[in-house]
Amino acid sequence: MSMLKICYPATNSALGSELDGRRLNENQPPIPGPSKRTINVDHHVDFAYDVDYPVHEPEPARTFSRDDIKMEHHPSSNIEAEVYAFNDFKHRPAVPLEPPSNTEPWRPFHSRLEFEVAELALEAGLNNEQTDQLIKICHCCAIGKEIFTFKNHKVIHVKWEAASFHITKVFTKEVISVPYDGKTWNFDLHYRDLWGLASDLLGDPHIFPHFTFDAQHLSKFDGETFIRFIDEPYTAQDFWDVQSQLLPGGKPLAFILYADKTRLSSFGTVKGYPVVARLANLPTGIRNGRGTGSGYVVGWLPIVKEDKDYAGKPSWVNFKNAVWHELFRRIMSSLALKSRVGQWFACMDGVEHWFFLIVLILSADYEEHVMSLTQGVMSLWPCHICLVPRDALSDTSKTYMRRTADDSRAAVTTARAKDTIEEQEEVLKVLGLRNIENALWAIQYSDVHRALSHDRCHFNHGGLWSPFPRWRDLRHPNQVMNVSFVDSAMHEDISKMIIYATHNILMEDESPLGYLLLRCVRLYLEANIYASFEVHTTATISAGRGADDDESDKDWNFPKLHMLTHLFNDIKAKGASRNYNTKPNKQMHRPLKDWYQERTNFKDFAEQILRIDHWFHVADDIRRRLLDLDDHLMFTSQGQANNDDDKDEDEDAQRPARDFLPGLNIDGSLHVKLGSSQAPQTFALIEDTHQNDDTFTNFRVKLNSFLNDFLPACNIPLPDGKRIHLKSDVASLVDWQQHMDYLRCNPCFYNAPRFDYVFIQTRANVIIGRLLFLFDCPVGEDLFPLAPVHPFDARTGTRLQKDEQLNLFRVRAKPRAQAEFFSVRLIIRGHF
């Protein structure tokens, strides 16, 4: 079995560096210039919501190299714009921090051993009896090197409670009262202080270096001009606009809030309602990851039970909305004042920053847009973001006036000044609002209608799409018509396969409606692909807008389709869609369900679940401090002699592609990691093993010819200046290991042959090929990872109308005997 693992830049094709492959292009030397330069620019701040990003005038051509990155900071930051070489560019340079001073980070546990036993019991979900048994075993095995005083599970619980105050305050339980129909209704709310959470992260030595406090404009030099691109929230327009409204020196500290119900019991009769918070100032890798700096449950909302005496009454619906906002107002109570006057905080860089706490993004499904207090899908104006009429939802070609929090607030104030309920409803009906004060109005510089966003998880995979060849991370259901339960991820996987599985079945002549459906699916898939980009430029946003144009006459008059009209406005305003996708938050539902079913007594379960959630955060904090201490002790024990040995611990530190192929314009981050090798193979053995495959006929001769042409083209000197003549006993190692992209060459992968396809950049264009073999070829002192590839670039003739309408790219294989050698470092990425 052969496995190849390639790592390619984490950008879409709009930002990727050009790669020269087979049929090599002439090398273009970069325009001379230093790796980092300071330049002066005139900042332009545009406060309009839907404004195209400016394309900067080209700088003198002699100054910049292709792919250079320009970083412009908000004018109030007083930081000059800088230009970085692509390989030197980092969004968040690390800040040197002091070594850990706490030599006993396991406290309040008596020893490290006690903490690790308690941590194991927590992570494994041991019940009380199992925990007691583990403690007995530990006592039997104790050898006296560390203190071990645990007697039973109760002692562990006491220690966790004592350790809980190491980080953000534990959850507070408060009773919230809301009047209705002459009675007072009481609801239990569990929440934790949002500012306390933020201040903990600001004081964390691992997390603080990754914070970004000033809005940025990033752009990439394409050889002629700098092209603006966005990814994180602080590189998009809303973050910039908020900072423009703050007093000089003010920094936005932006929250992303999520709330959604989830089933806790197996049959769905018991539900939970968690509220999750993340900080938009942190990069996506941390913010959407796991552990410290990621998502935190900051509230647990009670669910208003239906009352048969009031069910179906409009006043009861308004009451439930009012309850939600009273609860949410309490959760956000620590933000309200700090959003208006700010909060000074001495950070770990020695600078005291003036933070203004805002809610930048609300991540929610359409059903959870109770946040906006609009009247819902059956109102005259069902969209939470704009004033589109209900009967015009399907027309995605038009735009309508956006809602604003100021307009909504003014309408509610005007309505409440009226004498009768009928008069109040007439005023509110014009905007489709409810007569309730929105909790988010208390947060300065935050607009609920602007914070709500298009959600790929619900609006695309679980909304528009609810109803082959294999590639990694794609599930392959045996059938799709009778699946009893699927989530949005399964819907997404099915949608990817449907055109390829049915385009020869649903033909235009035989099934006009079925064929029309395929065209609609194609439009959906294209829009979804653009929406999934992690980096966007003006060009990709423009192309994405074109992809969501519907060519059919079908009636798609429902809100989730209309939300596509806001998709790319949201990207421009708040960055890539993963910044507000609900998927990372929904992934947090799974452990909540497990804790309910396995670790609670099913009574007052909210407190029990939240206690366990907090203990996990405490355990993560202690574990990281233990690792810091271990690293510090190891460093000091080795002495300063090893200080210069700054190699990566992950042995992924092979030479970059540029070292192997110095004549090629290849991004240094593109590399192949070599793992444990298989047995060496001679040319004779390779040819004998594949004697029935035309590709391997005269394998040695073909490889010999390839190397003599390939190495000089890459400016790599031939050994001793002589042409290569490979002998039949030269060994090559089939030696590839998976990394970012899993590419396999295996005649028996799970009882079926698996030879993956790849994209390869040639001089003329990108071609698709199929891997046939993977091996290392030693030349002089270097090893060259190579692969014979079966190219699929034979002429296909005139493009079919079906291919144009379904946007299919048809390829045809050349004869297998015409397989060619490629350096695997010239593979752009795997295909399927």
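Keep in mind that the numbers below use all heavy atoms, side chains included, and drop hydrogens, waters and symmetry copies.
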Kindly write out the residues that satisfy salt bridge (Lys or Arg N to Asp or Glu O under 4.0 Å) with [X], not counting sequence neighbours, or none if the list is empty.
X    : answer
R770 : none
R290 : none
R799 : none
R795 : none

Could you grab the distance from atom [atom1] of [X] to atom [atom2] of [Y], nearest 0.5 Å is fine?
X    : Y    : atom1 : atom2 : answer
F773 : F821 : CZ    : CZ    : 9.5 Å
I256 : N585 : CD1   : CG    : 8.5 Å
T796 : R812 : OG1   : CZ    : 6.5 Å
Q587 : N288 : CD    : CG    : 9.0 Å
L387 : Y400 : CG    : OH    : 11.0 Å
C386 : K398 : SG    : NZ    : 12.5 Å

Taking only residues two or more places apart in sequence or in another chain, which ones pass side chain to side chain donor-acceptor pair (under 3.5 Å) with D509?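 Once residues adjacent in sequence are excluded, D509 has no partner under the side chain to side chain donor-acceptor pair (under 3.5 Å) criterion.
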Is there a donor-acceptor contact under 3.5 Å linking the side chains of D231 and T235?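 Yes, a side-chain donor-acceptor pair sits under 3.5 Å.
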Donor + acceptor pair across side chains of K574, S453 (<3.5 Å):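 On atom types as modelled, these side chains qualify, holding a pair under 3.5 Å.
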Is K802 paired with E508 through a side-chain N to carboxylate O contact shorter than 4.0 Å?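 Answer for the salt bridge query: no.
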Using a strict threshold of under 4.0 Å (side-chain N to carboxylate O), is an ion pair present between R450 and D238?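 Yes, charged N to carboxylate O under 4.0 Å.
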Which pair of non-hydrogen atoms, one from [X] and one from [Y], has the smallest distance, and what is that distance?
X    : Y    : result
L431 : W381 : C-CD1, 3.7 Å
I571 : A236 : O-CB, 4.3 Å
T582 : S363 : CG2-OG, 3.1 Å
L506 : S511 : CD2-OG, 3.9 Å
P382 : P389 : CD-C, 4.3 Å
E820 : K814 : OE2-NZ, 4.4 Å

Backbone N or O of I498 within a donor-acceptor pair of the T502 side chain at under 3.5 Å?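 Answer holds: yes.
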With a 3.5 Å distance limit and no angle check, can you tell me whether N579 reaches the backbone of A576 through a side-chain donor-acceptor pair?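 Side chain of N579 to backbone of A576, a donor-acceptor pair under 3.5 Å: yes, one is there.
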Could you walk me through whether R578 and S532 pass side-chain contact (heavy atoms from CB on, under 4.5 Å), step by step? CA-CA 7 Å; R578 62 178 180 169; S532 68; over 6 Å; no
Sub-4.5 Å side-chain heavy-atom contact between [X] and [Y]:
X    : Y    : value
D793 : V811 : no
I541 : F568 : yes
S372 : L452 : yes
V789 : L772 : no
K586 : T262 : no
T374 : R403 : yes
I760 : V758 : yes
I827 : F822 : no

Worked check of salt bridge (charged side-chain N to carboxylate O under 4.0 Å, His left out) between D222 and R66: CA-CA 5 Å; D222 66 354; R66 176 181 286 274; over 6 Å; no
Out of the candidates T540, T565, N569, only one should pair with R545 under the side chain to side chain donor-acceptor pair (under 3.5 Å) rule; please name it.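 With R545 as partner, side chain to side chain donor-acceptor pair (under 3.5 Å) holds for just one option, N569.
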Taking Y515 as the fixed residue, which of M507, H503, Q805 is the one that meets the side-chain contact (heavy atoms from CB on, under 4.5 Å) rule?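 Single pass found, and it is Q805.
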All ring pair (Phe, Tyr, Trp, His ring centres under 6.0 Å) counterparts of F792, not counting sequence neighbours: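 Ring pair (Phe, Tyr, Trp, His ring centres under 6.0 Å) list for F792, sorted by chain: Y757, H790.
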H589 vs Y258 aromatic rings, parallel, tilted or perpendicular, using cut-offs 30° and 60°?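 H589 vs Y258 ring planes: tilted.
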Could you walk me through whether L264 and K271 satisfy the side-chain contact (heavy atoms from CB on, under 4.5 Å) test, starting with their C-alpha distance in whole Å, then the side-chain angles of each, then the deciding distance to 0.1 Å, before giving a yes or no? CA-CA 5 Å; L264 298 177; K271 296 182 179 180; 5.7 Å; no
Any chance you could lay out the side-chain contact (heavy atoms from CB on, under 4.5 Å) test for T284 and E534, step after step, and finish with the verdict? CA-CA 10 Å; T284 307; E534 297 177 2; over 6 Å; no
Evaluate S379 against R390 for side-chain contact (heavy atoms from CB on, under 4.5 Å), listing each step before the verdict. CA-CA 7 Å; S379 69; R390 184 176 61 189; over 6 Å; no
